[in-house]
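Below is one structure; the comments refer to it alone.
Side chains included, hydrogens not; waters and symmetry mates left out as well; all remaining heavy atoms used. Please read all numbers here as calculations on a predicted model, not as lab measurements.
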Amino acid sequence: MASGGSGCTATAGAAALLSLVFLWLLQASAGAGAGADCHFPAVFNFGDSNSDTGGLSAAFGAAPPPNGRTFFGMPAGRYCDGRLVIDFIAENLGIPYLSAYLNSVGSNFSQGANFATAGSTISRQNTSLFLSGFSPISLDVQSWEFEQFINRSQFVYNNKGGGIYRELLPKAEYFSQALYTFDIGQNDITAGYFANMTTDQVIASIPELMERLTSIIKNVHELGGRNFWIHSTGPIGCLPYALIHRPDIAAVKDKVGCSVTYNKVAQLFNQRLKETVARLRKTYPDAAFTYVDVYAAKYKLISQASKLGFDDALLTCCGHDAGPYNFDPKVGCGGKVLVKGKWVVLGKSCDDPSRRVSWDGVHFTEAANKFVFDQIVGGGLSDPPVPLRQACRSKGQ
């Protein structure tokens, strides 16, 4: 009887040990799953010139040289000497650079599409591009384009046979598995100021902007979007075009030379945006929402430019030698003037764009964009703090 009892005890002990090992393996597996990459098969982007890869160029005339000189070797639809943050996002996720939805020639939408256009706003602009400089392709128009893209691409994918169509268009399941990136809001603030609104009036418009943004993200969610990566707006008060256009707003500057008022409004916009993202997270627990503090990354670069290997952070690389910023609002990057019957390029690039933060007084250089991307990709500036590749893991957080 004694030996039999010992056997039972040994068996029970072994079973308990196996149970503990099995439980540990389950926990280890769960932990590994929680930190695993999401493997986004596609990216769909909405935004303005900070992420426009050719939308405005396709619709209203190409961005001229020397745009694209650093990386593409030619204009590539971007208002930059090279790649944008969205390009580095695509590279990191292992997908092709996003083709602009409006670009009908040579586009590949198999792993996403870009609906951003330079000058776009969250709100609709009651004016034209030629009068104000702001695009008529507001965020709600971009969302309509996205809906049309889903309907048309899937109809063609399923009804036009195989071959080239299936090579250039996304699979149906990609729409629920993709990462949806948003980078917009900067132009809503500057549009208000450029229309001579007061700071109080610009601030008063922010709640409506958040309502519009919420409505559009709701529509994208209804169309299948589940993974959202939402950028804050940057320190507008550090951009030469804003400093020059409203000198009264730019009068009070911080130690870096940036407008205190512009940046306070941008920070308030971002605070409301972060709150909006938090509400969306509660409203749609089946979706992952990540708020990304791009403002912090950009201001760090601007305020520590010299330490980080850059020249004067407020000095435009591609512009016309005018004023303290090498920025002339009448002669943009690549801009020409007629001199004695001949067109002469005045908006020229500096010798080394990699040393400058500002490309054209409105947008960053590729080197600056790369710095910003490196700051945000690991999740240290995100809420919740998840890396880019694990952005699907922020559900319910």
Side-chain angles (χ1 to χ4, degrees), residues 48-50 79-81 84-85 133 183 185-194 196-199 202-203 231-271 293-333 335 347-376 381:
D48 53 32
S49 57
N50 290 305
Y79 293 89
C80 179
D81 62 305
L84 311 177
V85 171
D183 191 336
Q186 172 179 314
N187 292 325
D188 290 277
I189 296 174
T190 54
Y193 276 124
F194 292 3
N196 292 319
M197 290 172 62
T198 65
T199 294
V202 174
I203 291 173
H231 289 187
S232 68
T233 196
I236 303 169
C238 302
L239 302 177
Y241 87 111
L243 293 170
I244 286 177
H245 201 103
R246 282 292 299 269
D248 56 325
I249 302 299
V252 179
K253 296 181 174 63
D254 62 17
K255 61 181 180 181
V256 182
C258 303
S259 165
V260 171
T261 300
Y262 265 120
N263 282 352
K264 280 186 175 179
V265 174
Q267 289 172 321
L268 180 58
F269 174 94
N270 291 337
Q271 180 181 337
D293 190 358
V294 170
Y295 183 103
K298 289 185 174 181
Y299 193 78
K300 177 181 179 180
L301 171 59
I302 292 167
S303 61
Q304 300 179 30
S306 178
K307 177 181 176 181
L308 295 167
F310 291 83
D311 294 333
D312 184 341
L314 304 186
L315 188 62
T316 296
C317 173
C318 187
H320 180 228
D321 189 15
Y325 308 116
N326 187 39
F327 177 81
D328 185 343
K330 297 179 181 179
V331 183
C333 180
K348 299 180 180 180
S349 171
C350 60
D351 292 334
D352 186 3
S354 69
R355 297 279 296 172
R356 298 285 173 87
V357 173
S358 177
W359 167 241
D360 58 6
V362 185
H363 312 100
F364 278 18
T365 61
E366 175 181 281
N369 287 326
K370 180 60 165 61
F371 175 87
V372 172
F373 172 76
D374 288 343
Q375 293 291 299
I376 66 175
L381 294 178

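- Between Asp248 and Arg246, at least one side-chain nitrogen of the basic residue sits less than 4.0 Å from a carboxylate oxygen of the acidic one, meeting the salt-bridge criterion.
- A centroid separation of less than 6.0 Å is found between the aromatic rings of Tyr262 and Tyr193.
- In terms of modelled atom types and a separation under 3.5 Å, the side chain of Ser232 and the main chain of Val294 share a donor-acceptor contact.
- Between Tyr241 and Phe194, a ring centre-to-centre spacing shorter than 6.0 Å is recorded.
- A 4.5 Å side-chain heavy-atom check between Val372 and His231 finds every atom pair outside the cut-off.
- Side-chain contact between Leu239 and Gln186 is present, with at least one heavy-atom pair separated by less than 4.5 Å.
- Judged purely by atom type and a 3.5 angstrom limit, Arg356 has no side-chain atom pairing as donor or acceptor with the backbone of Asp311.
- Using a 4.5 Å heavy-atom cutoff, the side chains of Val357 and Phe371 are not in contact.
- Contact record, Val331 with Gly347: CG1-N, 3.9 Å, taken as the closest heavy-atom pair.
- Sulfur-sulfur distance for Cys350 and Cys318: not below 2.5 Å, with no disulfide indicated.
- Here the side chains of Ser259 and Leu243 are in contact, with some heavy-atom distance below 4.5 Å.
- Smallest separation of non-hydrogen atoms from Ile189 and Ala266: CD1-CA, 3.9 Å.
- Side-chain contact between Leu268 and Ile203 is present, with at least one heavy-atom pair separated by less than 4.5 Å.
- Counting all heavy atoms, side chain and backbone alike, Asn369 lies closest to Cys80 at ND2-SG, 3.7 Å.
- More than 12 heavy atoms of other residues, nucleotides or ligands shown are found within 6.0 angstrom of NZ on Lys253.
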